[in-house]
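Working notes for the structure below.
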Amino acid sequence: MKTRPSAILEAGVIAVSGPVLVFSAYLLFAGHNQPGGGFAGGLVAGVAVLLVWAAGGTDTVRKVLPVRSTVLMGVGLLVAAGTGFAALLPGLAFLESGYAELSIPLVGDVKIVSALFFDIGVYLVVIGMVLALVRALGEDATAEEVPQ
Amino acid sequence: MSLITLAVAATLFAVGTYLILQRMLSRIIIGLGLMSHGANLLIMLSGTGPATPPIVDGSPSPVVADPLPQAMVLTAIVITFGITAFLLALALRSYLLTGSDAVEDDLEDKRIAHSHDRSSMDVQEMSE
Amino acid sequence: MTWLLPAVVAVPVLGAGLSVLVGRRLILQRVISLAAVGFVAVAAIALLVSADSGTTQVAQVGGWAAPAGITLVADRFAAIILTSSAVILLAVLVYAMAQLGRDAVDWWFHAKYLVLTAGVALSLVTGDLFNLFVGFEIMLTASYVLLTVKTGPDEVRATMSYVVINLVASALFLMAIAFVYTTTGTLNLADLSRKMAEIDPAVRAGLSMLTLVVFGIKAAIFPLFMWLPDSYPTAPTPVTAIFAGLLTKVGAFVIIRMQTLLFAQDEPSTLLLFVAGATMVVGVLGAIAQNDVKRILSFHIVSQIGYMIMGLGFLSIAGLAAAILFITHQIIVKTGLFLVGGLVEAEHGTGALDRIGGVLHRRPVIAALFLPLALSLAGLPPFSGFVAKLALIQEGLALDRGVIVAVSLAASLLTLFSMTKIWGGVFWGRETEAEGTAGAGMVGATAVVVALSIGVALFAGPLMALAERAAVDLVDPTVYADLVLGVR
Amino acid sequence: MALVVLIHLAVAGILVLFRRPLGRWAFVVGALGPASTLLWAALNGSRVLSGDPATESFTWVASLDLTIAFRVDAYSLLFLLVVAGIGLPIFLYSQSYFSPSSRATNFAATMTLFAGSMVGLVAADHLLALFVFWELTTITSYLLIGYYDQKAEARSAALHAALVTGGGGLAMLGGIVLLAGEAGTYLISEITANPPVGSNVLTVAWALILLGAVTKSAQFPFHAWLPGAMAAPTPASAFLHSATMVKAGIFLVGRLGFAGVAAADWWQPAVFTIGFITMVLGGWRALRQYDLKLLLAFGTVSQLGFMFLLLGSGIPALAFGGLAILVGHALFKATLFLSVGAIDHETGTRDLRRLSGLRRSMPRLFWVTTAAALSMTAMPLTLGFAAKEAAFDGLLAESVWLIAAAATASTLTVAYTARFMFGAFGPAVPGTEPATGKRLASRSALLWAPALLAVMSVGIGLLPTLVLPIVNGAAKVVSGVAKAGKLVIWPGFVPALAWSLASLTAGLLLAWRRQLVDRTTEAVGRVAERLPSADTAYRRSIPALLRFADRSSGLLQNGSLPAYIAIILMVAVTAPTVAAIGESPVLVTPPGGSMLEWILGALIVGFAVALPFVRRRFAVVILLGGVGYGIAALYSVFGGPDLTLTQLLVETLAVALFAFVLRHLPATFSRPATARLPRLAVALAVGAFVFFAGLVVNGARSSETISDTLVADSVPEAAGSNVVNVILVDFRAFDTLGEITVLVAAALGAAGLVIPVIRDARSRT
């Protein structure tokens, strides 16, 4: 039998995984101009999932991220493909991007690029995939080790 | 392109091949991983330009590393990761089913290859 | 209408996303799949009509003009194959719903099937080398996961070798892309077509061979085919049927595209003709050696690929037209045969010839579905395979390539022999007890495929004319290049 | 004409679709097919005979010159009449022969389909159309021979016939296309009017066409399938394998023989040799049979040889005689087959050793059979006699050898006819249990259908003018000579008659001393069995083919994944190398690389090369991770921060997943079972290929790339500074869309593989 990691470790890891997730979101949004992007962001989030798993196994992962991996992947695909179709509405080519400059108080002028939505789709799919893989492969697959 | 990186790519292909040419799926997966690393390096080497990251500020004709091979490699890395994960699951499945992750020979092929005396019924049927 | 091009890929992707989201609501999943694949079929026909009326659709995805962005092209060749593929995808989907519906073992079957659809569509319409890699990966990943819809030891073993072989091929594909990009600095096929002519002939010759090997693995040509008969037969019928009908043909499609667009030459290629002949003979001999319906049919996939390569090997308008007609005919007939094999399996629980018999008397309708398809496969008149083979023979003899013609005729005879092996083993003989009944949905979907095959035979005239117009575009690579890049 | 063919098709379709309600009348419905042919002939016959052929043409595939063209001239008309005239009584006969069942209905539908194909075949004016119908008759014949499909011998006989005639047909297709290439047309009427000459290709073309005719008409050395085809129900044997389908080859050589003779000087000797051997061999083998049907079948082989010789000769008088014999043969052979069918139907046996007393119990059948048998032996006052006289007349004019050969065959014919009659209607052989039949009702078609044919046989013999115009017209169409021969009830004392009478006498002598003949044939047969024959050749060829298929596919298809991959990789390495070396490639050595690259490279190579030597799984994982991180670092040297980041993250996740899986597997790898040296050789070849190919490719490096545009457009057009990311989400976002689709599919697949196992495990505990 494996020994369960201590609750303190579990709490600690979950606490750490918060900032990691924030970092992953940063990578997503910064990606257009700096290294990063949907993939890197999603993968960082995936590493966070891995950390949570290390602390408490798949059950803890399910507790901390109570969302189906398939929902993340499905929404991700819809957002990414949907962005492509959305460009058709104003008569642009499929997946053609546009950008708008907004001035947001306190932040200043911000360029919103429609491709960002596409990247969000990518981000969601990558998280969903890692979550699905960790849940599937991270489970103890041999019967006698399954916690009751 | 530099000679050493090309040599690294070639070595990765060679070692990858060596690992693939046997039966344990877990080793084959490692071999495939090495091979795709090698292929990615080749793509990387296909680009031109110096080693400055392709992050630009809109100034005319900046001198940066070719970004296209990088994008291709990135795509390839992620795709390979997804499929590797699937293969790992397959290896696990195989192990849970058969107690081994070896890729066994196809039984029907073996049977036909070694059927020097084919089931006599079959021959009779055809040549009656 | 240009939006249809990305849509034939994106709509199935969208459908896959939706299908995953709706979870275990089977009815919804079915509606989504039917709508998405149905859309692809309709769009494919629209693209074909458009291409044939002289306005070939060329889409620059993201609005980035070629060669910077990704270009999608539905010329006649691509549109013909896309149309036949989409129609078959639809028919098999119906069959699959009838067969797998009762005990849905795999909740994600529909999503996987839609991904496969997207991959096939992308591989056919893309005009970009790296995007082609992505298209192939989509198609192949879907095929990997579809092979494991059932997950017994046999399926797992078969999937392992299938995945490993294809990953080796993918690594080689990436290597080829790296080399192509190094020497030409571009990925756009039209652009490549212009630049390839200017590069070092040694590199060009090497790349031509490397791509032939890469896609030859997918198309299962000699001597790269051995993986196919070991992996296809284990999957559930609809999966095997769609693999048999489409995947290798997409490989053959790309071989034709590459050899005509990137590595064009005027003379018949003795190398290709040798490969064609060897593929036919080895495939059909393999089929003769088998004793199971699906395994026999699997070897015939290999054998029939030889005929497509034969048409390509002539590198002439008539040869390419014959190859195009042949691919269309094969997509339909091969799928149909596997569906019939599935009907037999559904009733008897096996496809082993020595354990079945008398199906002709117990279920004449299955026999009636099998017969035209089998004769068509053997190339006997008046069925669809005959017209395609006649075109090949005429062109071969016109070009004084008697050897390959003789080989192709001999292979036809052996094909007939192995079809009689199935007929004699399954449909004739002492009646065996059935374990189940193939439902009306399965039989109906198969009947539609058979009707399509007969339709191809009946309308072989107009189809051949269409294939010839497509081949005219193929032999002159500047047509494609000018379409995408504008007239230089 | 097309309408007639379509009627056949429609009738067959209706029979299949309405199997139940039509079952009782299946053959009567099927008879509508031949009836429609006869109706057509009645309406158009006189016009056709007056030299105005009926033509129709339907283009199927224009660019392949594939046209279904019909042209019914007198020659076609003669065959049409044979097909439908024999077919109609046989259909009605079948109605009594079979008891209604769905199988019998299938049989009726297939027979109708066959009749339609045969009509199309003889009416076709386009060689490809002829081929289409030719192969349709092969297919329908296959299905009909295999009717008693529970019997292995029926199945294998069907296969034998299909392979031989189908293979001959495919060879013929090659010949047709070659011939059309030389002639510039597929139209038979144009080819025969203006035969192409003077090209070597023609030799091949005509040889292949002759091969098709030889196989279809069961000529030596391909005759063995025909006796086997007797496994079919007797109506099919009578219709296909004596009266019609086997005459397709005769039809073809008759049509094209004159063109063949014009083009190839070997044609005539070949036809004579094949015809002669077939004729004698068939007659001889008939003398040894005990099964009445087999006896008739070998008799058919013999007669086909005669007709082949005559019609293929390209000599007008012989063609005339051949056509007369063809009509006579169709009538008497169909009658005899139907009689055998009736005997078989009533007594349950066809073994001439067991039949006895039938002359008394089936008197009317006896007389019907006798009439036909007399015609077969060419007794004066029969059609057989008139026809044979015409043929002998022509042969005598050609060469004494030919008529001697024909007379030999005629002698054998008389002998086996006698064997047939004595066997069927004479006393049983002592020591065997005799089988006796019962009297047939006169309204049974089993009796009146053969009787009808026998009456026609006798009637035409007495009044040859009934068929003379058709035979004359047909002979004129193919030979161009009007009145090439005579068809008369008594020729007067001409030299040919002497040959006829001599062979008849010799034959009767053999019949009188048939016990002696039996003993002789037995003895010779025992010796002959050890000699190679067409039958044993076929019997041996199939197992040999199967064994060869096993061996050859076992060689490549050995089921071993490593072997497959090794072959693939070696081809992938060799083919481009050979191709490139042919064009003399240039190797350009690039600069060695920076110090950092060397260090990282050494690290990566070190980890990688260590991998095969390490057996502990977790050590392997660590090494693999080392390779991945090393490559991530190398990417950063190349100016790819995005790549470095992604590679690091992916490597981390991959290593974790590896660890997930490996914890379930044994801690160490087992030693690989495959041999090490070949693996090493392939590995080195692949490595060397990558290295040298890289050098060659580098030497041909392009100076400009499409990236130049991308870098320039990134900020102004796509509003992003990180060009790699802009490529991923904008310039080439379509790649990325595909990529995430791959990820979803892979994740679904992986979860689908593992989760059911876990669920199982959970439910068990």
Side-chain angles (χ1 to χ4, degrees), chain C residues 13 61-62 64 67-70 108 112 115 118 131 134 137-138 141-142 145 148 151 161 168 172 179 182-186 199-203 205-206 209-210 213 217 223-224 226-227 285-286 288-289 380-382 387 390-391 393-394 397 409 412-413 416 420 424 428 430 460-461 464 468, chain D residues 60-64 132 135 139 146 149-150 155 159 162-163 166-167 170 174 177-178 181 549-550 552-553 556-557 559 561 564-565 567-568 571-572 575-576 579-580 582-585 696-697 700-702 704-706 709-710 730-735 738-739 741-742 745-746 748-749 752-753:
Chain C
V13 168
V61 182
W64 302 104
I70 290 172
W108 310 125
K112 295 169 180 175
V115 173
N131 197 237
V134 174
E137 290 304 313
I138 300 175
T141 310
V145 300
T148 48
T151 47
S161 36
V168 171
L172 293 174
F179 290 166
T182 312
T183 45
T184 61
T186 186
I199 69 168
D200 179 2
V203 176
M209 282 301 114
L210 190 57
V213 171
I217 300 171
L224 312 166
M226 289 84 78
W227 56 270
L285 283 177
I288 287 175
L380 287 190
V387 181
L390 175 67
I393 291 167
Q394 282 187 349
L397 292 177
L409 286 172
S412 284
L413 181 64
L416 178 67
T420 61
W428 277 349
R430 196 176 303 116
M464 192 70 204
E468 262 166 22
Chain D
W60 186 2
V61 184
S63 60
L64 302 179
V132 169
E135 291 296 54
I139 299 162
D149 61 295
Q150 294 90 337
R155 295 200 294 269
L159 177 63
L163 285 183
L170 287 172
V177 175
L178 280 177
D550 283 358
S552 64
S553 75
L556 273 173
Q557 195 78 28
L561 178 64
Y564 296 173
I565 296 178
I567 292 176
I568 286 175
V571 174
E583 304 279 348
S584 50
V696 172
V697 166
R701 184 177 285 275
S702 137
E704 53 180 30
T705 72
I706 47 174
T709 332
L710 304 182
D730 199 340
F731 290 121
R732 298 183 66 90
F734 210 53
D735 278 347
E739 183 189 354
T741 313
V742 169
L748 290 177
L753 274 172

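Chain identifiers are assigned alphabetically (A, B, ...) following the order of the sequence lines, protein sequences preceding nucleic acid strands; residue numbering begins at 1 within each chain. Heavy-atom basis, side chains included; hydrogens, waters and symmetry copies ignored.
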Practice task
Taking Gln394(C) for its side chain and Leu64(D) for its backbone only, find out whether a donor-acceptor pair lies under 3.5 Å.
Solution key: yes
Fill in the blank from the handout: Greatest number of non-hydrogen atom pairs under 4.5 angstrom with chain D, of Val387(C), Ile70(C), Val134(C), falls to Ile70(C)
Problem - Segment of Ser552(D) engaging chain C (4.5 angstrom heavy-atom cut-off) - result: side chain
Exercise for the section: Kindly compute the distance separating CG (Leu416(C)) from CG (Leu170(D)), expressed to the nearest 0.5 Å. Expected result: 7.5 Å
Practice task
Compare every heavy atom of Pro382(C) with every heavy atom of Trp60(D), then report the nearest pair and how far apart it is.
Solution key: CH2-O, 3.5 Å
Completion exercise
side chain to side chain donor-acceptor pair (under 3.5 Å) filter on Trp64(C), not counting sequence neighbours, yields Asp730(D)
Problem - Contacting moiety of Glu468(C), where chain D heavy atoms sit under 4.5 Å - result: side chain
Exercise for the section: Could you look at Leu210(C) and say if it's the side chain, the backbone, both or neither that has a heavy atom under 4.5 Å from chain D? Expected result: both
Exercise for the section: Report the option among Leu748(D), Asp735(D), Thr741(D) that has the most heavy-atom pairs separated by less than 4.5 Å from atoms of chain C. Expected result: Asp735(D)
Handout entry: Gap between atom OG1 of Thr184(C) and atom CD of Glu704(D) - 0.5 Å precision
Key = 10.5 Å
Practice task
Indicate yes or no for a side-chain donor-acceptor contact from Glu135(D) to the backbone of Pro381(C) under 3.5 Å, with no hydrogens or angles considered.
Solution key: no
Problem - From CA spacing to verdict: side chain to side chain contact (heavy atoms under 4.5 Å, CB included), Val177(D), Leu390(C) - result: CA-CA 9 Å; Val177(D) 175; Leu390(C) 175 67; 4.1 Å; yes
Completion exercise
Heavy-atom closest pair (Val571(D) atom, Val213(C) atom, distance to 0.1 Å) is CG1-CG2, 4.0 Å
Fill in the blank from the handout: Looking only at Ala580(D), Ala746(D), Ala733(D), Gly749(D), most heavy-atom pairs under 4.5 Å shared with chain C are made by Ala580(D)
Handout entry: Residue among Val203(C), Thr182(C), Asp200(C), Thr141(C) with most heavy-atom pairs under 4.5 Å to chain D
Key = Thr182(C)
Exercise for the section: Could you look at Ala68(C) and say if it's the side chain, the backbone, both or neither that has a heavy atom under 4.5 Å from chain D? Expected result: both
Practice task
List in chain and number order the residues that pass side chain to side chain contact (heavy atoms under 4.5 Å, CB included) with Thr148(C), two or more places apart in sequence or in another chain; answer none if no residue qualifies.
Solution key: Phe86(B), Leu90(B), Thr151(C), Thr159(C), Leu753(D)
Exercise for the section: Would you name the heavy atoms of Ala745(D) and Val145(C) that are closest together and state the gap between them? Expected result: O-CG1, 3.3 Å
Handout entry: Reported CE-to-CD distance for the pair Met226(C) and Gln557(D), which is rounded to 0.5 angstrom
Key = 7.0 Å
Completion exercise
Residues Leu172(C) and Ala572(D): closest non-hydrogen pair is CD1-CB, 3.7 Å
Problem - Exercise: identify the closest heavy-atom pair between Glu583(D) and Ala202(C) - result: CB-CA, 3.4 Å
Problem - Contact origin within Val168(C) toward chain D - heavy atom pairs under 4.5 Å - result: side chain
Problem - Pairwise distance OG1(Thr420(C)) to CG(Leu163(D)) - rounded to 0.5 angstrom - result: 6.0 Å
Problem - Straight-line distance of Ile565(D) CD1 to Ile217(C) CD1, nearest 0.5 Å - result: 10.0 Å
Practice task
Return the option, out of Ser161(C), Gly69(C), Ala142(C), with the maximum number of heavy-atom pairs under 4.5 Å with chain D.
Solution key: Ser161(C)
Fill in the blank from the handout: Taking every heavy atom of Val61(D) against every heavy atom of Ala460(C), the minimum-distance pair comes out as CG2-CB, 3.6 Å
Exercise for the section: Let me know if Leu710(D) has heavy atoms under 4.5 Å from chain C in its side chain, its backbone, both or neither. Expected result: side chain
Fill in the blank from the handout: When the 4.5 angstrom heavy-atom criterion is applied to Leu409(C) and chain D, the contacting part is both
Exercise for the section: Output the distance between atom CD1 (Ile568(D)) and atom CG (Leu224(C)), rounded to the nearest 0.5 Å. Expected result: 5.5 Å
Practice task
Check whether any side-chain heavy atom of Ser702(D) sits under 4.5 Å from a side-chain heavy atom of Thr183(C), and report yes or no.
Solution key: no
